[in-house]
Amino acid sequence: MRWTQTFIPTLKESPADAEILSHKLLLRAGLVRKLTGGLYTFLPMGLRALRKIEKIVREEMDRAGGIEVLMPALQPPEIWQQSGRYETARDVLFKVRDSAKREWVLGPTHEEVITHLAANEINTYRQLPKNFYQIQTKFRDEIRPRFGLMRAKEFIMKDAYSFDTTDEGAMASYKKMYDAYTRIFARCGLQAFPVEADTGVIGGNHSHEFVVPAETGEDNVAFCEACGYAANIEKATSGLPKTAARDVGPEIEKFATPGVVTIEALSKEPYKVAANRQIKTLVYIADGKPVLILIRGDDQLNEAKFKARSGAVEARPADVKSEADLAHFQKLGAMPGSLGAVKNVPSDWKVYADERLRGANDMTTGANEDGFHFRSVSMERDVKVTDWFDLRTVNVGEPCPKCAKSLKIRRAIEVGHVFKLGTKYSEKMGALFVDEGGKQHPAVMGCYGIGVTRTLQAVIEQSNDKDGIVWPVSVAPYTVCLTPLAVAPESPVMQLAEKIYAELTAKGIDVILDDRDERPGFKFKDSELVGFPLRLAIGEKSLAKGEVEIKPRAGQILAVKAEDAVAKLLELIEAGTPKV
RNA sequence: CGGAGCGUAGCUCAGCCUGGUAGAGCACUUGCUUUGGGAGCAAGACGUCGCAGGUUCAAAUCCUGUCGCUCCGACCA
């Protein structure tokens with residue numbers, strides 16, 4: 001390709017609406033342009049990089065036994081009602097109406113469609129296992145699209161769905177995808193690693209995210225450098241001990257705490273109740289019903305864990321400013337700051353307590369009477385707990401749950417997610433097969449996603465320098481930028497450039513010939529901004545010595561004999577391609 | 001949905017407080033010079049100042065509303 005024949009609108013300055021580096025570089029290097037918030041046009045350089053990622057994904061999915069299909073983005077709402085997600089995922093569902101006023105859904109994901117297909121087409125164990133995948137555009141009504149391609153209303157995803165006859169089979173399918181993902185990200189030149197993850201609304205019981213460490217990421221990941229434990233903060237646990245039991249204290253005792261409504265105030269004079277001897281009582285509205293959540297005073301509730309453990313689809317703190325919620329507090333008899341679960345808890349309210357409180361005694365908590373607390377509270381004796389869950393958020397420095405060394409936390413970008421789904425969808429949508437004995441069972445499913453457009457941006461986020469993008473060879477829009485410093489067709493410089501261009505093209509190398517009649521510095525800056533892994537500069541000065549210059553994007557200039565240039569480039573390309 | 005900020009040339013921004021005929025740099029067009037790290041000079045073209053009301057002799061500027069964008073939070077497969 002000749003530079004003048006394609007379209008690479010580079011920018012010297014960053015557009016004002018880009019905040020993070022990778023977003024700025026996407027725009028500055030002319031990879032994408034914004035249509036409106038969360039919607040982008042891919043320009044030639046962005047599209048080529050995207051296609052290269054897709055090719056890697058496709059090759060690895062095929063190698064892992066995936067079967068490529070293409071499902072409709074426009075879907076009937078009925079299948080979403082059947083799976084139950086018409087309600088649970090309603091916030092992200094784009095809905096449209098046709099001319100007959102009938103409603104349709106723009107697919108945010110495809111469990112419903114593929115399970116519908118499986119229900120119709122898979123009948124016998126002889127047809128299993130199967131793993132279908134596609135690379136396709138998804139639509140999600142994100143409340144707040146962010147950071148360019150990182151969180152967009154419309155994006156490209158590789159999604160795969162496995163169907164197995166048994167749990168063990170499903171785990172084997174899961175493992176295959178896990179391994180394929182490891183290879184895919186490695187081949188994309190990305191430092192990505194798997195972390196244990198929450199399954200969220202999608203359901204299921206076993207899940208890993210593949211994340212790329214980056215300060216601009218939206219996920220927090222807890223990890224242990226000693227043993228390799230890594231988990232999303234929504235899932236992570238630590239090896240902290242439970243609250244130490246003390247000698248069984250006397251009966252609970254009410255005491256006056258006028259004006260004291262915070263853990264901190266109660267920990268000071270004259271009360272001096274350490275935060276780790278307090279029970280924090282939160283009123284939450286879970287799927288419309290009030291519940292109490294108890295965690296230790298020095299811990300923070302992890303809402304994701306609460307939803308995952310309790311099965312609640314929606315959960316939010318009750319708000320005293322809302323009249324409906326205020327009634328709940330009145331029922332308990334106190335406002336936040338004096339709440340507790342010892343007395344006055346309506347019998348139909350569920351009470352969830354964090355595991356760390358199990359067995360705790362000699363605790364202090366609100367008396368459900370403004371201005372009063374109870375002391376000498378025993379969880380066992382005085383509180384009726386519906387369910388015990390791990391509900392607290394892990395903090396930096398806590399002991400690793402596996403090896404007890406210190407945990408670290410860092411931000412990361414989620415680029416892939418693998419789930420073992422079980423039979424949630426196959427049961428609801430009738431994806432059944434008959435076994436050897438003629439008995440019917442729901443297929444055991446898994447689903448596996450890679451955010452292809454997000455992966456593209458993650459590569460840029462992780463691979464850049466002050467001059468621009470530094471593409472890994474495997475996903476660069478062009479591998480070699482051929483830069484003749486004179487472009488008149490009859491000049492020796494341009495004639496040599498044309499010759500090398502033809503030779504590299506014949507070898508199957510993606511090469512772009514910068515045939516613009518621009519000054520050298522301008523062309524160098526542009527090629528570095530776009531980030532081609534290798535640049536071959538041909539100028540009169542060096543050519544007088546029979547030499548040309550190879551500049552690896554992240555390395556030093558190499559002067560090589562003109563006749564050796566192609567061989568040297570091929571060698572560098574080979575050396576720069578990740579071996580998986 | 002709550003909070004904050006911003007909408008002026010293709011891009012980055014100034015002008016707004018204190019109302020008086022719309023600016024700079026980059027990019028673009030033409031010419032000359034320059035030619036190994038985002039060139040110089042000259043000439044030129046490019047705007048319903050997001051939109052709609054209002055106040056005023058007069059509005060980019062003040063007021064009201066509205067739309068859009070960005071960030072923080074909430075939410076998030």
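Values in this document were obtained by computation on a predicted structure and should not be read as measured data. Proteins get letters first, then strands, A, B, ... in listed order; numbering begins at 1 in each.
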Protein N or O to nucleotides 70-72 of chain B N or O, pairs below 3.5 Å:
unit_1	atom_1	unit_2	atom_2	d
B:C72	OP2	A:Arg144	NH1	3.3
B:C72	OP2	A:Arg144	NH2	2.7
B:C72	OP2	A:Arg146	NH1	3.2

Among residues 5-14 of chain A, which residues get a heavy atom nearer than 4.0 Å to RNA chain B? A:Lys12, A:Glu13, A:Ser14

In residues 450-461 of chain A, which residues come under 4.0 Å of RNA chain B by heavy atom?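 Heavy-atom contacts with RNA chain B come from no residue of residues 450-461 of chain A; none.
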
Ignoring hydrogens and angles, are the base of B:G38 and the side chain of A:Glu518 linked by a donor-acceptor pair under 3.5 Å?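 Between B:G38 and A:Glu518, which were checked side chain against base, a qualifying N/O pair under 3.5 Å is absent.
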
Watson-Crick or G-U wobble mate for B:A45, both contacts under 3.5 Å: none

List the residues meeting side chain to side chain donor-acceptor pair (under 3.5 Å) with A:Lys130, not counting sequence neighbours, and say none if there are none. none

Results of side chain to side chain donor-acceptor pair (under 3.5 Å) for A:Ser426 - residues two or more places apart only: none

Would you measure the distance from the C1' atom in B:U70 across to the matching atom in B:U29 and give it in whole Å? 34 Å

Whole-angstrom distance between B:G25 and B:C6, as gauged at atom P: 25 Å

Taking the ring of A:Tyr161 and the ring of A:Tyr448, is the distance between their centroids below 6.0 Å? no

Below 6.0 angstrom between ring centroids: does that apply to A:Tyr352 and A:Phe306? yes

Nearest atoms (heavy-atom pairs only) where A:Gln457 meets A:Gly148: OE1-C, 3.8 Å

Residues, nucleotides or ligands: over 12 heavy atoms within 6.0 Å of A:Glu540 CD: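 Not more than 12 within 6.0 Å, no.
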
So which pairs with a foot in residues 36-45 of chain A pass side-chain hydrogen bond (donor to acceptor under 3.5 Å, both in side chains), sequence neighbours left out? A:His23-A:Tyr40

